[in-house]
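What follows is a set of notes on a single structure, which appears directly below.
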Amino acid sequence: MVSTGLTFLRVFPRAVFAFACLVAGPVLSAAEPAGLAEPPEVAGSMPEDFLPELKLILDSALRRSPQLVVADFERTVQEAKIYGADSARLPNLRGASEYASNQTAVTGNNNSQSRASGFFYRFEAGQAIFHWGALRNQSLAARLNLLAAQKGYVIAARELGVVIRKAYLALIVERSRLQQGRQALAVLRADLAVLEEKKRSGSISSAVYEGERLRDREMAAELARGEAEFAANRRRLARIAGIPGGELPEERIAAGLPRPAHSAALAAAIKSAVLRSEAKGTFEYEVYDLKVREASLRYAIERTRQLPKVNLGAGYSLENSTDVVGSTVNQQAFRRQNVNLNVQWNMFDGFATRGAVREALATKRLFERNREVKVEEMLQDVQLLERSLAVDAENIELTEIRRGMAEQAQRRIAEEVALGKIRRSEIDRFRIGLLQAEAKNVEARAQYFGRWSEFVAVSGYDPLSRPLSVAHAREK
């Protein structure tokens, strides 16, 4: 008898586990992501393609940024939840044991006492057989949440890339303005030294001199404010990018920007691709679509709450048994084994199922509406950004003309100084005008580069997110 029970304990869990694996098998590949479409040729047009330091900062951000660390933890949490979702489809085995000393006697008759001591145990195994697809849908929903978290990580990396690009471009503009301010302050102080000599000789009044001194103090205060903001913005970018030490020295900020080559045809092609696909190739659409599919599964799961469910169970135990016959008490241990096919049916739960079904349906409709709103918003953003790029390109042309005029004026004044017609100090004044024109040109270029990176990112073709999305597909 004991041998039969031990054989049962060895064979039954294996059989149940094999059956569960056959049931769970199709789920493991049910939520694999679709192949990614080849992106348009945007390589060589991004700001990091012209700015090596920006590329290094982006690489550091992808590894150390606090924002991406949080997004990666969310992905890890959803990955761990798959085990909990799959556990309901796999066999479960429970056991308990105890060492007990049992004493039993008939009331009022102390001579009828019986004592039994020993080691007792029990093992139970169970396997869900038929739950109307609810357990399978639960596993699929967990995998959809994992895919959504993976795509959310890519979106977070892409948004972080846009923020870092714009922040770095803004630092380039700040440095260009500071260079112009430093040069202007140096020229003003040189003129102030000349005015001081004239004041001593009586050529000018004290009021004129004091007015220039006041202008010097105002310009120095404005420059100091700009220097402080420049340093604070560098530290802020270093913190966002996760740069070790939290410091980004001025030397790592480029002194200028190359002129971007605007391609109206490429921008129109990207916009047309997004409009043609109704933004279905973007990560945002995919995330909302996964949420809709997950909500549909939840709705299907809730609808099965009041349906009968079939389970398979088995047990094996060594227990204590007490028998009372008249004034005689007898205790003895006995073994029990059983196999059962049971049906659980929650016939009425106080309308809790009705409320859960309505809630799941409302959630599904909410995600569907959010997806529609997000698609409309993205389509509008793509069209607006494409038109803004053309305006930014025209602004670059205008600032190029202004800078060319400033360069021509400086060359002309240099010729006049060489002929002795104008004082040499006038060259410095025209140099300040040229620096101002260059700062405006750098600002226009930075604005275009920032708009272009946002346009490419919103369209779903950011080269920064491409390796991350491929890596997640390879993991699955």
Side-chain angles (χ1 to χ4, degrees), residues 39-55 57-58 61 154-177 233 236-237 240-241 253-277 279 281-285 374-403 437-466:
E41 191 61 37
V42 298
S45 64
M46 305 303 292
E48 60 267 23
D49 296 325
F50 303 94
L51 303 169
E53 285 294 339
L54 175 57
K55 188 173 183 62
I57 294 174
L58 289 173
V154 178
I155 292 174
R158 189 198 66 190
E159 292 177 349
L160 178 65
V162 173
V163 170
I164 290 178
R165 288 175 182 133
K166 288 188 173 183
Y168 188 83
L169 294 169
L171 288 176
I172 295 176
V173 174
E174 285 187 60
R175 184 179 182 184
S176 178
R177 290 174 178 171
N233 290 334
R236 188 177 296 111
L237 176 58
I240 294 174
I253 307 300
L257 272 174
R259 180 176 180 178
H262 174 65
S263 175
L266 178 58
I270 294 176
K271 182 191 73 172
S272 299
V274 176
L275 296 179
R276 187 166 54 252
S277 66
T282 61
F283 288 105
E284 285 84 355
Y285 178 88
K374 188 62 178 179
V375 168
E376 293 176 0
E377 178 184 341
M378 293 178 64
L379 294 178
Q380 292 177 358
D381 289 344
V382 168
Q383 297 179 75
L384 177 62
L385 289 170
E386 192 264 345
R387 289 194 295 268
S388 299
L389 283 171
V391 176
D392 292 339
E394 177 64 18
N395 190 31
I396 291 176
E397 292 290 339
L398 297 176
T399 57
E400 290 286 348
I401 294 174
R402 287 293 183 184
R403 191 183 66 167
E438 289 179 347
K440 287 289 186 182
N441 183 248
V442 169
E443 182 179 356
R445 294 179 179 184
Q447 186 174 10
Y448 178 88
F449 273 124
R451 191 100 62 187
W452 173 255
S453 64
E454 184 179 1
F455 173 68
V456 173
V458 171
S459 302
Y461 299 114
D462 193 337
L464 189 65
S465 61
R466 174 68 178 176

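Side chains are part of it too, since the values below use all heavy atoms of this structure and drop only hydrogens, waters and symmetry mates.
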Distance in Å, L171 CG paired with I57 CD1, rounded so as to fall on 0.5 Å steps: 8.0 Å
To the nearest 0.5 Å, atom OG of S388 lies from atom CD of Q447 at 8.5 Å
For R445 and E400, what are the C-alpha separation, side-chain angles and deciding distance, and is it a salt bridge (Lys or Arg N to Asp or Glu O under 4.0 Å)? CA-CA 10 Å; R445 294 179 179 184; E400 290 286 348; 2.4 Å; yes
How long is the span from the CD atom in E48 to the CD1 atom in I164, to the nearest 0.5 Å? 10.5 Å
According to ring pair (Phe, Tyr, Trp, His ring centres under 6.0 Å), who are the partners of F50, at least two apart in sequence or on a separate chain? F449
Whether the side chain of Q383 engages the backbone of L379 through a donor-acceptor N/O pair (distance < 3.5 Å, no angle test) should be reported. yes
Close side-chain approach of N441 and R402, heavy atoms under 4.5 Å: no
Are the side chains of Y168 and E53 in contact, using a 4.5 Å heavy-atom criterion? yes
For D392 versus R451, what's the shortest heavy-atom pair and its separation? OD2-NE, 2.8 Å
Begin with the C-alpha distance, continue with both residues' side-chain angles, and end with the deciding distance and a verdict on side-chain contact (heavy atoms from CB on, under 4.5 Å) for V382 and I270. CA-CA 9 Å; V382 168; I270 294 176; 5.7 Å; no
Contact between V458 and T282 at the side-chain level, heavy atoms closer than 4.5 Å - yes or no? no
Is the closest side-chain heavy-atom distance between L54 and R165 below 4.5 Å? yes
I396 and P260: which non-hydrogen atoms are nearest, and at how many Å? CD1-CG, 3.5 Å
I need the E454 CD to D381 CG distance, nearest 0.5 Å. 7.5 Å
Could you check whether any side-chain heavy atom of D462 comes within less than 4.5 Å of a side-chain heavy atom of V42, counting everything from C-beta outward? no
Quick one: closest heavy-atom pair of R158 and A457, and the distance? NH1-O, 3.0 Å
Testing the basics here: between Y285 and A279, what is the closest heavy-atom pair and its distance to 0.1 Å? CB-O, 3.2 Å
Donor-acceptor pair, side chain of D49 and main chain of G44, under 3.5 angstrom: yes
May I ask you to decide if R259's main-chain N or O and Y448's side chain share a donor-acceptor pair within less than 3.5 Å? no
If I take atom CG from residue L237 and atom NZ from residue K166, how far apart are they, to the nearest 0.5 angstrom? 14.5 Å
Closest non-hydrogen atom pair, V162 against S453: CG2-O, 4.2 Å
Minimum heavy-atom distance A61-L160, with the two atoms named: CB-CD2, 4.0 Å
Has S459 got a side-chain atom pairing as donor or acceptor with F455's backbone, closer than 3.5 angstrom? yes
Quick one, L257 and S176 - any side-chain contact, counting heavy atoms below 4.5 Å? no
Are the side chains of R177 and V442 in touch, meaning some heavy atoms are under 4.5 Å apart? no
Ionic contact status for E284 with K374, cut-off 4.0 Å: no
Calculate, to the nearest 0.5 Å, the distance between atoms OG and CG belonging to S263 and L389 respectively. 10.5 Å
